[in-house]
Amino acid sequence: MFNLIKTDLKRIVKDKLFMVIGIIGVVFAVITPLLMLGVNSMLDEQSAAMLGMSVNAKTLFFQAFDPTNNFGLVALILLCVILCKDFSQGTVRNKIICGKSRFSVFTSSFIASSIVLCSLMMLHAILTLGVSLIFFDYQSTPFTANDFGYLVVTLVFKLMTFVVISALVTFLSVLMKNAGLCMVMLLAITMLATIVGSVLSAVIIGVEDEIIKGVLEFFVKTNVFLSTVTGSGITYSLSDVLCVVLSHIVYGVLFYVLGVVVFRKKDIK
């Protein structure tokens, strides 16, 4: 299994699209803080606060992990293409002919894509933070031990999100075996989850019944494609932690198991 994972990692890293992903990541990491600097310079402090446009390096750092915007979405789409090449180029068939089980082939692909995606997003976010700190303070208040704890927990949550999404992308790649169809399905799922989450977040504001409000908040907090819970505050409640952790485990296991089942029954030509 280790050699298989190592081979998959080399294949992904050596792919020409991987270099494209890297370049796009650097461009977004530099441009995003500069754009926010330009927007922020056109607004006074009171206007920025009213419009919710108060910018700091912390906000930009956590937003860099958003899987539905800018670099995150680009990275997911290009990862679909790279994984689907396994089928179009006959790599999967060769692995099976060499005696590798379908379970180990799928698991290796999932682990390799998780490592690559988490590494790319972390490097992109760190570069974004570095550029942002040139123009903005990390936050409006002094950095404390509590802020460090919040930072660490948030990073864990963000990386968990991309492990889940890697399971989804790997599942879609074996289900579709076609890069175009895989991208369309991924975009459809991402847009649907984002729209539903955004609508529920807006509806919660006008709901007075505590039970209904609690149910709606549960669905918002367990939406892995939204970042309304992770990185948007200063601390996490126990319900926040349970919702985020359990939802990521459930979705991750679901996509992984579905991928294994589909791949075992898939006709490999």
Side-chain angles (χ1 to χ4, degrees), residues 1-29 61-89 91-92 94-95 100 102-130 154-180 182-183 185-187 189-190 224-225 227 230 248 251-253 255-256 258-260 263:
M1 176 67 78
F2 177 77
N3 289 333
L4 196 55
I5 296 173
K6 186 177 178 181
T7 301
D8 283 336
L9 284 173
K10 286 183 178 180
R11 179 182 59 81
I12 294 175
V13 172
K14 289 182 178 180
D15 195 290
K16 293 180 180 179
L17 284 178
F18 184 79
M19 182 178 294
V20 175
I21 296 175
I23 294 173
I24 293 175
V26 172
V27 171
F28 273 120
F61 176 59
F62 289 141
Q63 287 180 348
F65 286 98
D66 189 348
T68 63
N69 192 25
N70 296 336
F71 177 65
L73 191 58
V74 172
L76 295 183
I77 291 175
L78 294 183
L79 183 62
C80 281
V81 177
I82 294 175
L83 291 181
C84 286
K85 284 184 178 182
D86 258 2
F87 292 94
S88 62
Q89 296 178 353
T91 308
V92 170
N94 292 337
K95 291 176 182 177
K100 304 296 182 181
R102 296 196 177 208
F103 172 80
S104 61
V105 170
F106 180 84
T107 302
S108 173
S109 182
F110 161 62
I111 293 175
S113 61
S114 296
I115 293 173
V116 170
L117 190 56
C118 287
S119 299
L120 283 172
M121 296 309 300
M122 179 63 79
L123 291 172
H124 168 67
I126 291 174
L127 182 56
T128 301
L129 176 62
T154 302
L155 287 178
V156 172
F157 287 163
K158 295 294 187 182
L159 293 180
M160 286 179 65
T161 295
F162 285 101
V163 171
V164 173
I165 295 177
S166 293
L168 171 61
V169 173
T170 310
F171 160 60
L172 292 177
S173 69
V174 301
L175 178 65
M176 302 298 175
K177 297 195 303 183
N178 178 280
C182 182
M183 287 188 291
M185 284 298 297
L186 178 64
L187 289 174
I189 293 172
T190 301
V224 298
F225 288 95
S227 56
T230 57
H248 281 68
Y251 285 126
V253 172
F255 294 139
Y256 174 78
L258 285 174
V260 171
F263 190 51

(request) Would you check, one step at a time, whether the test side chain to side chain contact (heavy atoms under 4.5 Å, CB included) holds for Val163 with Phe110? (result) CA-CA 9 Å; Val163 171; Phe110 161 62; 3.9 Å; yes
(message) Could you go through Leu117 and Val169, starting from their C-alpha distance and side-chain angles, then the distance that decides it, and tell me whether this counts as side chain to side chain contact (heavy atoms under 4.5 Å, CB included)?
(response) CA-CA 11 Å; Leu117 190 56; Val169 173; 5.8 Å; no
(request) Determine, step by step, whether Leu120 and Phe18 satisfy the side chain to side chain contact (heavy atoms under 4.5 Å, CB included) criterion, reporting the C-alpha distance in whole Å, the side-chain angles of both residues, the deciding distance to 0.1 Å, and the verdict. (result) CA-CA 10 Å; Leu120 283 172; Phe18 184 79; 4.1 Å; yes
(request) Mind running side chain to side chain contact (heavy atoms under 4.5 Å, CB included) on Met176 and Met185 for me, showing each step along the way? (result) CA-CA 9 Å; Met176 302 298 175; Met185 284 298 297; 3.1 Å; yes
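Note that the OG atom of Ser113 and the CG atom of Leu76 stand 10.5 Å from one another [nearest 0.5 Å].
Heavy-atom minimum distance, Thr230 versus Thr154: C-CG2, 4.2 Å. The minimum heavy-atom distance linking Leu127 with Val26 is given by the pair CD2-CA, 3.9 Å. Considering all non-hydrogen atoms of both residues, His124 and Ala29 come closest at CE1-N, 3.6 Å. Nearest heavy-atom pair across Thr68 and Phe225 is CG2-O, 3.6 Å. Here the closest heavy-atom approach between residue Ile82 and residue Ile12 is recorded as CG2-CG1, 4.0 Å. For Leu17 against Val81, the heavy-atom pair with the smallest separation is CD1-CG1, 3.3 Å.
Using cut-offs of 30° and 60° on the angle between ring planes, the pair Phe61 and Phe65 is perpendicular.
In this structure the side chain of Ile77 reaches within 4.5 angstrom of the side chain of Leu187, judged on heavy atoms. Under the 4.5 Å side-chain criterion, counting only non-hydrogen atoms from C-beta, Tyr251 is not in contact with Leu168. Residues Ile21 and Phe71 are in side-chain contact: their nearest non-hydrogen atoms beyond the backbone lie under 4.5 Å apart.
Distance alone, capped at 3.5 Å, is enough to place a donor-acceptor pair between the Thr7 side chain and the Asn3 backbone. Side-chain N or O atoms of Thr128 include none that pairs as donor or acceptor with a backbone N or O of Ala64 at under 3.5 Å. In this structure, Ser173 contributes its side chain and Thr170 its backbone to a donor-acceptor pair below 3.5 Å.
The 12-atom threshold is exceeded at CZ of Phe157, counting heavy atoms of other residues, nucleotides or ligands nearer than 6.0 Å.
Proximity of the aromatic rings of Phe106 and Tyr256 is defined here by a centroid distance below 6.0 angstrom, and this criterion is met.
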